[in-house]
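Below is one structure, written out as C-alpha cells; the observations come after it.
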Number of protein chains: 2
Amino acid sequence: MAPRTRRTNPLALAVLVQLWERPMHPYEISMTLRERRKEESVRLNFGSLYSVVESLEKHGLIEAASTERDGNRPTRTVYRITDAGVTEAIDWLTDLVREPVKEFPQFEAALSFLPALAPDDAVRLLRIRAEALRMALTANDATRAAARAQGLPELFELEAEYEAAMQRAELAFVEDLTGRIVDGSLAGVDMWRRLHDTLVHDGRVDPDEMAKAVAELEASIGGS
Amino acid sequence: MAPRTRRTNPLALAVLVQLWERPMHPYEISMTLRERRKEESVRLNFGSLYSVVESLEKHGLIEAASTERDGNRPTRTVYRITDAGVTEAIDWLTDLVREPVKEFPQFEAALSFLPALAPDDAVRLLRIRAEALRMALTANDATRAAARAQGLPELFELEAEYEAAMQRAELAFVEDLTGRIVDGSLAGVDMWRRLHDTLVHDGRVDPDEMAKAVAELEASIGGS
DNA sequence: TGTCGAATGCTCGATGTCGAATATATCTCG
DNA sequence: CGAGATATATTCGACATCGAGCATTCGACA
C-alpha cells in the first residue's frame, strides 16, 4: 500500500479530480480549474501546483503519460491518474464531506483579541466590515445569477452558494455584535470601556494597572 | 521604517498581544494562550511559535528583555514588545476586523467536487456531517455556558460565539442541500444521476462518454 | 517587417510550517 | 526512595508554500 499523501493541500485533490476526467499537463490543469472558477474555492498558484503534482507522482497516484513537444515550446508532461489515485480521490472527498474539520479563519482570531482595541474603534471597524460583506454578497449573488442565466445547473455552483450562506451568517453576527456593543448589552463592555480609559495611553499600557486588571479577572472566574 | 512582517501567521499577532500585556518567554506565551482557550481560534504549535518569535525579533517588533536561568532548567529568553510592535499589533488587528479576507475552507473545496461522488453517497455523507455539526454545536454551547457560569464575560468569548454562528449556518446549508438532492429540486441532479449510471464503473470513467458529457455541458453554457 | 505584449509552461529559492526529538526537573504513589 | 509520568523549554530538519523569474511563442498592430 502506497503511503497515503498527507492530504494537506486541497489543490492535490483538485488535480486528481481533473485527471480523473482526462489526462492533462499541469498548466492545462490550472487553466481548466480557472475556467471553471475552482480557483475561488481551492487556493491555486503555480509554485504549489508543480510541487503537488510531483508529490502525487511520487506517491503513485498519478503517472506521466507522455512528454510531448509542441513546436518548439517547452516540453510538457501529460499526466494521467492511476487506480490508486482514483481510490485516493474518492476517499479524500468522502472524508471531507463527512467530517467537519476545524478551520482557523482570520476573523475568529481577530475577535479573540478584540478587547485590545478601543470599543469605539471596534464598532467603527465592524460597521465597515458589515458594509464590505454586503457588497461581497451582492457580487456573489450577481455572479451566481449570471451563471444560471448561462445555463449552468446549480449543482455546479454549490461552493458559491455555501460561500454566500457563510457570508450572510457572518454579516448577521457582525450586525448583532455591533448592536450589543453600542447598547451595552454585551456582558463586559462596561469593563472594556473602563480599562481603555484608565490603563491605555498612546497605545502603551500601564504595567501595574494591567497586572491588577488581569488578576481581578482571573480571580473572578475562579482559578480552575 | 522596519519592513512590515508579512502578516501570514496570526500566531504572530497573538504573540504581540500577549507581550503587550506583559513580557514573557515563548513557552509562557503558549501556556497563557492555552489557558485562555486562544488555541481554539489561533493555530498554535511549538515549531511555529519559536520561528514566529524569531521573525518578530528580526523585524524589531519585540526584543529580548533578559535571558534567565531558573535552577538548572534550560535558559529561557524573556521578550518584551517594542513601540513598533504595539503599532503593528493595533494596525494588524484593525485590518483584520475591517476587511473580510477570502478564506478557503476545506468543505468549500469538497462541495466544488461533489459531482465526482455518486448522488446517493453524497446524501449519506452529508447526513453524517449534519449530525457531527449538531454535536459540535451542542459541545460549543455547553462550553460557553460553563464559561459564563464561571463568571467570564461574553466579551472574552466572542470567537466561540462566532464559531457557533458559523456552525449553525453550515448546518442549515447542509440540511437544505440534502433535501434538495433527495427531492430533486436542485437543478442538475437528474443529469448527475444519469452520468453516474452511464459513465462510471468501479470508479473508472469511460473516457469517450466523459468527453461527450463535458462537451455537452460546455456547449449548453455557451462557450464564453 | 519589427516589436511589444500577452499567453504558454515551468523552475527556483527564500520563507513558513509542523511535529517529533531532546533534555532536565518535578511530582506522584506505592 | 525509586520509577515512571508529567511539566518545562527549546531545537531540528523534513517538507510545503509562494511568488517572482525565465524562456519561448504567438498575435496584433503600426
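Chain letters run A, B, ... following the sequence lines, proteins first and then strands; every chain starts at 1. Since the structure is predicted, the reported quantities are computational estimates derived from the model, not experimental observations. Side-chain atoms are counted along with the backbone in the values below, which use heavy atoms only and exclude waters and symmetry mates.
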Is any side-chain heavy atom of A:Ser48 closer than 4.5 Å to a side-chain heavy atom of A:Asn9?
yes
Greater than 12 external heavy atoms within 6.0 Å of A:Arg37's CZ = no
In whole angstroms, the gap separating P of C:dG16 from CG of B:Asn9 amounts to 10 Å
Rounded to whole Å, the CZ-P distance (A:Arg7 to C:dG19) equals 16 Å
### Query
Are A:Phe156 and A:Arg36 close enough, and set up right, to give a side chain to side chain contact (heavy atoms under 4.5 Å, CB included), and what steps lead you there?
CA-CA 9 Å; A:Phe156 297 105; A:Arg36 301 191 185 165; over 6 Å; no
Per atom distances to the A:Pro26 side chain, the nearest of C:dC10, D:dT8, D:dT17 is C:dC10
Rounded to whole Å, the CE-C1' distance (A:Met31 to C:dA7) equals 9 Å
Taking a pair to mean Watson-Crick or G-U wobble geometry with both distances below 3.5 Å, D:dA30 pairs with C:dT1
From NZ of A:Lys58 across to P of D:dC15 the rounded distance in Å is 6 Å
Checking D:dT17, C:dG9, D:dT10 against the side chain of A:Tyr50 (C-beta onward), the nearest is C:dG9
note: A:Arg76, atom CZ; C:dT11, atom P; distance rounded to Å ~ 14 Å
B:His25 has its side chain closest, among C:dC10, D:dT10, C:dT17, to D:dT10
| request: Could you tell me whether B:Arg7 and B:Glu88 make a salt bridge, using a distance below 4.0 angstrom between a side-chain N and a carboxylate O? | output: yes
From CG of A:Asn45 across to P of C:dC12 the rounded distance in Å is 17 Å
Atom OH of A:Tyr79 and atom P of C:dC10 are separated, to the nearest Å, by 8 Å
Testing C:dT8, D:dT17, C:dC10 for proximity to the side chain of A:Ser51, the answer is D:dT17
Assert: residue with more 5' nearest nucleotide on DNA chain C, out of A:Glu28 and B:Ser55, is A:Glu28
Residues 206-217 of chain B vs side chain to side chain donor-acceptor pair (under 3.5 Å), sequence neighbours excluded, gives none
To the nearest angstrom, the CZ-P distance between B:Arg6 and D:dC18 comes to 9 Å
As its Watson-Crick or G-U partner within any shown strand, both distances under 3.5 Å, D:dA7 has C:dT24
Of the listed C:dC10, D:dC15, C:dG16, the closest approach to the A:Phe46 side chain comes from C:dC10
- Does a side-chain N or O from B:Tyr27 land closer than 4.0 Å to OP1 or OP2 of D:dT10, or not? no
